[in-house]
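Data first, discussion second: the structure below is written as structure tokens.
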2 protein chains.
Amino acid sequence: MSHIVEAIPRYRKVYLELKEQITAGVFQPGDILPSEQALSTQYELTRPTIRQSLSELVREGLIVKQKGIGSIVQKPKTGIGILNIRGTTASSPTGTLTTEVIDAPELIDWPTDLAFEVPAALRQFGCIRLSRLRSLYQVPVFYEETYLPNINLPRFTQRSFTNKSLFGILSKHYDISVTGGEQRIRSIVARGRICDLLNLSSGLPILHLDKKYDTNRSQYHFFTTLWCNTKDYYLEGAL
Amino acid sequence: MSHIVEAIPRYRKVYLELKEQITAGVFQPGDILPSEQALSTQYELTRPTIRQSLSELVREGLIVKQKGIGSIVQKPKTGIGILNIRGTTASSPTGTLTTEVIDAPELIDWPTDLAFEVPAALRQFGCIRLSRLRSLYQVPVFYEETYLPNINLPRFTQRSFTNKSLFGILSKHYDISVTGGEQRIRSIVARGRICDLLNLSSGLPILHLDKKYDTNRSQYHFFTTLWCNTKDYYLEGAL
DNA sequence: ACAGACAAGTTGTATATACAGGTTAAATTA
DNA sequence: TAATTTAACCTGTATATACAACTTGTCTGT
């Protein structure tokens with residue numbers, strides 16, 4: 001087993017730094033970022049490299065670019081932005097989302113009723129299942145079940161996930177970052193256990209989402225099923 | 001008023017051509033596209049330019065790239081892919097989606113209850129409203145109301161939208177292409193007119209989506225509200 | 001005072017090139 | 001024959017450069 005260095009490209013460092021500055025408020029909505037020329041001088045990189053950093057910010061909707069003007073910082077999106085690539089914790093209003101573990105991480109056989117087909121390459125390994133309940137202002141909003149292939153995740157089942165971002169833990173301790181994925185959405189009525197967890201009466205409409213996440217580990221995917229009460233909130237995402 | 005030539009960049013032509021070939025089946029899922037080097041020879045462009053074309057295909061999920069291998073064509077996504085940037089017609093299984101006009105295009109005042117705020121720059125112009133019902137295999141699946149700013153859209157209200165793509169008409173006749181947008185999703189119960197249109201009994205859960213589209217015309221946005229019966233289908237999209 | 005030309009600054013498009021690092025299959029060696 | 005090395009090919013990252021197209025503010029001439 002080789003030591004993973006995973007060198008971070010320079011364009012990505014610039015992207016991360018600018019993103020941090022935007023979310024931290026150094027650049028306010030409506031502000032114009034330093035020009036590509038200025039950024040290339042500042043970071044000692046060339047303009048194509050800087051443009052690669054900015055294109056990521058455009059893709060995520062943090063800036064829009066306008067010819068002749070510059071890169072304009074956008075208002076952060078409102079709502080519970082779990083339709084995009086960000087983890088649910090990172091994309092919610094700061095400090096209002098709490099996470100409670102319902103079922104602690106445990107090793108199980110792969111369920112047979114997942115919405116997405118589990119690749120054979122993953123089936124030969126075990127499956128780690130955990131479930132969590134997310135609340136906004138102490139009101140339960142969505143319940144989430146996650147299924148991960150048990151490949152090279154030492155001490156994963158011992159970790160605490162209360163009020164922690166799963167994406168953050170995967171990134172920090174296991175060098176796994178989410179690069180994309182797909183999702184399927186339905187509208188269903190709440191029944192049984194979901195009602196209890198979300199504190200709903202039976203028969204109310206809720207969102208049901210199945211997600212498959214792609215990661216930087218080739219062939220490594222994981223899966224999430226999610227039930228969301230959209231009575232007081234909505235899900236939001238970029239097109 | 002100047003004549004709009006709107007020269008199409010070369011990288012975009014390559015993108016469009018490859019996309020056409022993929023959707024037409026010239027390249028099958030699992031196939032590997034010609035290498036960037038081969039494409040640059042074929043199209044007489046340099047590799048950076050070709051990479052710009054391919055990056056669009058990656059963003060739309062039509063291909064994934066793998067270092068040392070190439071660009072792998074992906075299975076077309078199943079489901080009704082209206083969560084992504086493609087118009088609903090273009091992203092559904094070929095030939096199965098029919099569109100019926102419920103309310104023909106008409107000039108109205110801007111509604112006051114749209115989910116998204118209409119920019120002041122658009123409010124001073126009138127609003128064109130039209131509504132359509134989409135059916136899969138003759139079964140109504142979603143109902144859609146669209147609101148467009150009436151700016152430089154000659155003869156728009158006279159056009160037929162039956163079994164036509166709104167995106168296609170905007171692109172072909174008015175040089176308007178959708179470049180992005182945002183959406184909000186809720187789960188609600190069907191009531192009143194929606195029940196009749198979707199042929200549902202009252203109280204069943206359906207999806208409610210509000211969308212705001214960005215276009216290549218600066219400051220020009222339009223809006224869609226959509227009700228979708230997800231009993232037999234689901235909405236799908238990339239993360 | 002006003003209109004128009006101009007200059008400066010910005011992003012968009014495109015070329016040309018180089019090397020790093022991953023993958024595969026053929027060639028070489030033990 | 002089997003294992004190892006090598007070569008060929010692929011995408012990823014980065015530099016350096018040039019010109020086009022768009023926006024804004026300034027300068028100039030009337």
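In this text, all values refer to a predicted model and were calculated from it rather than measured experimentally. So you know, we letter chains A, B, ... as the sequences are listed, proteins then strands, and number each from 1.
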Test of ring centre spacing under 6.0 Å for A:Phe156 and A:Phe161: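 Under 6.0 Å, so yes.
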Validation row, ring centre B:Phe167 to ring centre B:Tyr213 under 6.0 Å: yes
Using whole Å, report how far [atom1] of [X] lies from [atom2] of [N].
X       : N      : atom1 : atom2 : result
A:Ile32 : C:dG9  : CD1   : C1'   : 11 Å
B:Tyr43 : C:dT13 : OH    : P     : 18 Å
A:Leu39 : C:dT10 : CG    : C1'   : 12 Å
B:Glu56 : C:dG12 : CD    : P     : 13 Å
A:Gln52 : C:dT11 : CD    : P     : 16 Å
A:Arg47 : C:dT11 : CZ    : C1'   : 6 Å
A:Ile69 : C:dG12 : CD1   : C1'   : 14 Å

Scan [X] against the nucleic acid and name what it touches under 4.0 Å (heavy atoms): base, sugar-phosphate only, or nothing.
X       : answer
A:Thr49 : base
A:Arg10 : sugar-phosphate
A:Ser35 : sugar-phosphate

5'-most by nearest nucleotide on DNA chain C - A:Gln66 or A:Pro48: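 Closest to the 5' end, via its nearest nucleotide, is A:Gln66.
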Are the side chains of [X] and [Y] in touch, meaning some heavy atoms are under 4.5 Å apart?
X        : Y        : result
B:Asp210 : B:Phe223 : no
B:Tyr43  : B:Arg10  : no
A:Leu57  : A:Ser71  : no
B:Leu54  : B:Leu39  : yes

Comparing B:Gly70 and A:Gly68 on DNA chain D - which has the more 5′ nearest nucleotide: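 Nearest nucleotide further toward 5': that of B:Gly70.
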Chain A contact limits on DNA chain D, taken 5' to 3' with a cut-off of 4.0 angstrom to heavy atoms: D:dT13 to D:dT24
Show me the side-chain donor-acceptor pairs of residues 24-34 of chain A shorter than 3.5 Å, one per line, residues at least two apart or across chains.
residue: A:Gln28; atom: NE2; partner: A:Gly25; partner atom: O; Å: 2.9
residue: A:Asp31; atom: OD2; partner: A:Gln28; partner atom: N; Å: 2.8

